[in-house]
Protein chains: 2
Amino acid sequence: MKLGEGVEAAIHCAAMLAGVDGDATIPGAAMAEAFGLSPSYLLKHLNMLSVARILESVPGPAGGYRLARPAEHITLLDIVLAVEGREPAFRCGEIRRNGPARLDVSAYVKPCGINAAMLKAEKAYRAALAEAKLSDIVSEFMTDADPRSVAAGCAFVARHQRPQKSSSTKQA
Amino acid sequence: MKLGEGVEAAIHCAAMLAGVDGDATIPGAAMAEAFGLSPSYLLKHLNMLSVARILESVPGPAGGYRLARPAEHITLLDIVLAVEGREPAFRCGEIRRNGPARLDVSAYVKPCGINAAMLKAEKAYRAALAEAKLSDIVSEFMTDADPRSVAAGCAFVARHQRPQKSSSTKQA
DNA sequence: CTATTGCAGATAAAAAATATCCACGATAAA
DNA sequence: TTTATCGTGGATATTTTTTATCTGCAATAG
């Protein structure tokens, strides 16, 4: 049972993007620098978030990424599933039917009880992640984290975010 | 997020061992054959279950494995942790402090909120697994599975289990 | 036009999971 | 006592997955 490092990166990036003004964007390279990550590889993960409609990407200069919807409507489950895939962690290989004395396939129509129990646990896991909204993560960070850390994060966003020319004008 | 195949093998083996009479044992090679698994590799997993005191191993002819305690006191969590390790799936790399503008370490004493949320979800996952007793898995299999499958399983256990000479005599 | 950005695909390097083998100690049975 | 069977531990190989890099391409603000 292991989660790739991309999950941590994706959540941190999403949290950072929650702090931009209006429809401004932050380039992926800037976020890679902020977290000391490999730019090329981080782009892979950010792209998966784009495909999952969690982020929006804007090409060209002044381009980059921004949230595709308000942070209140993005959960950690959304991000984890986008990066890690939607398949369950436990995949039943149906090894019970791999023995030398194989029965007819009709003997295995009932689902494997072990599989059911494992899937039930993962359902609980996902339910807990679905409860964690990105907006909660951000606001908790703002109030609980060390002021220097908060200030540094906000300064970084302010320095790297790029306002868009078209669109309405400012933020909501 | 992925669970190794060893988990499925370990649970199936433990369930099989729950069906032996008294202190009899079943050799690892027999269980590997029953599930069509590589014997050498399955032994690795069975050994981890032994180290975790979930199984007991008996060397020599008439040796093999048996449950170290009643199936009522073995949970899927016990098995999963024994095989996959006890570390959480999400490991916080503290990438927030890896940027170019590093703050003093004192700015990071507060735990990462993202880490806390991920750990909370995994706690729910483990709690659900802790609810699933091996005895439940077995009894559910006995009553719900196809009779042919149950009969085949019981026959296999009866054919391969090996009673122990010493010890009290029979089971409790 | 030019520079910057995201994207897709090929590729490579590193790490982990899976699998095999052999020497060893224990032990039941012959 | 001898022999064959079993689990253990270590070394090693194979395969798969993860992580990382690079190149060419399309989009676009200035």
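All chains are named by letter (A, B, ...) in the order of the sequence lines, taking the proteins before the strands, and each is independently numbered beginning at 1.
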For D:dT5 and B:R162 - does any side-chain N or O of the residue sit under 4.0 Å from the phosphate oxygens OP1/OP2? no
Rounded to whole Å, how long is the line connecting atom CD1 of A:I26 with atom P of C:dG6? 11 Å
Can you give me the closest heavy-atom contact between B:R91 and B:A89, atom names plus distance? NH2-O, 3.5 Å
For B:L81, what residues pass the side chain to side chain contact (heavy atoms under 4.5 Å, CB included) criterion, not counting sequence neighbours? B:L77, B:R86, B:R126
Do you know which two heavy atoms are closest between B:I137 and A:A117, and how far apart they sit? CD1-CB, 3.9 Å
Could you state the CG-P distance from B:L49 to D:dT8, rounded to the nearest angstrom? 10 Å
Any Lys/Arg nitrogen of A:E122 or A:K120 sitting under 4.0 Å from an Asp/Glu carboxylate oxygen of the other? no
Atom CE of B:M48 to atom P of D:dG10: distance rounded to whole Å? 12 Å
Mind calculating the distance between CD (A:E8) and C1' (D:dT19) to the nearest angstrom? 15 Å
What's B:L43 touching, base or sugar-phosphate or nothing? Going by heavy atoms closer than 4.0 Å. base
Yes or no on side-chain contact (heavy atoms from CB on, under 4.5 Å) for B:D136 and B:E140, after CA distance, side-chain angles and deciding distance? CA-CA 6 Å; B:D136 297 334; B:E140 181 196 317; 5.9 Å; no
Sorted by chain and residue number, the side chain to side chain contact (heavy atoms under 4.5 Å, CB included) partners of B:R148 (sequence neighbours excluded) come out as A:L103, A:D104, A:S106, A:A107, B:D146
Determine which pairs satisfy salt bridge (Lys or Arg N to Asp or Glu O under 4.0 Å) with at least one residue from residues 54-73 of chain B, sequence neighbours left out, and list them in order. B:E56-B:R66, B:R69-B:D78
Cluster question for you: counting only ILVMFWY and a side-chain heavy-atom cut-off of under 4.5 Å, with indirect links fine, are A:F156 and A:L42 together? yes
Under the side-chain contact (heavy atoms from CB on, under 4.5 Å) criterion, do B:I114 and A:H12 qualify, and how do the steps go? CA-CA 8 Å; B:I114 294 173; A:H12 269 99; 3.8 Å; yes
Any side-chain N or O of A:N47 below 4.0 angstrom from OP1/OP2 of C:dG6? no
Which pairs, protein N/O on one side and nucleotides 15-17 of chain D N/O on the other, fall under 3.5 Å?
none

With a 4.5 Å limit on heavy-atom distance, are the side chains of A:F35 and B:N98 in contact? no
Nucleotides 20-23 of chain D: which of its N/O atoms have a protein N/O under 3.5 Å away?
residue: D:dT21; atom: OP2; partner: A:S38; partner atom: OG; Å: 2.8
residue: D:dT21; atom: O4; partner: A:K44; partner atom: NZ; Å: 3.4

Any residue in residues 53-60 of chain B with a heavy atom nearer than 4.0 angstrom to DNA chain D? Just list them by number, or reply none. B:S57, B:V58, B:G60
Which heavy atom of A:L55 sits nearest to which heavy atom of A:Y65, and what is that distance? CD1-CD2, 4.1 Å
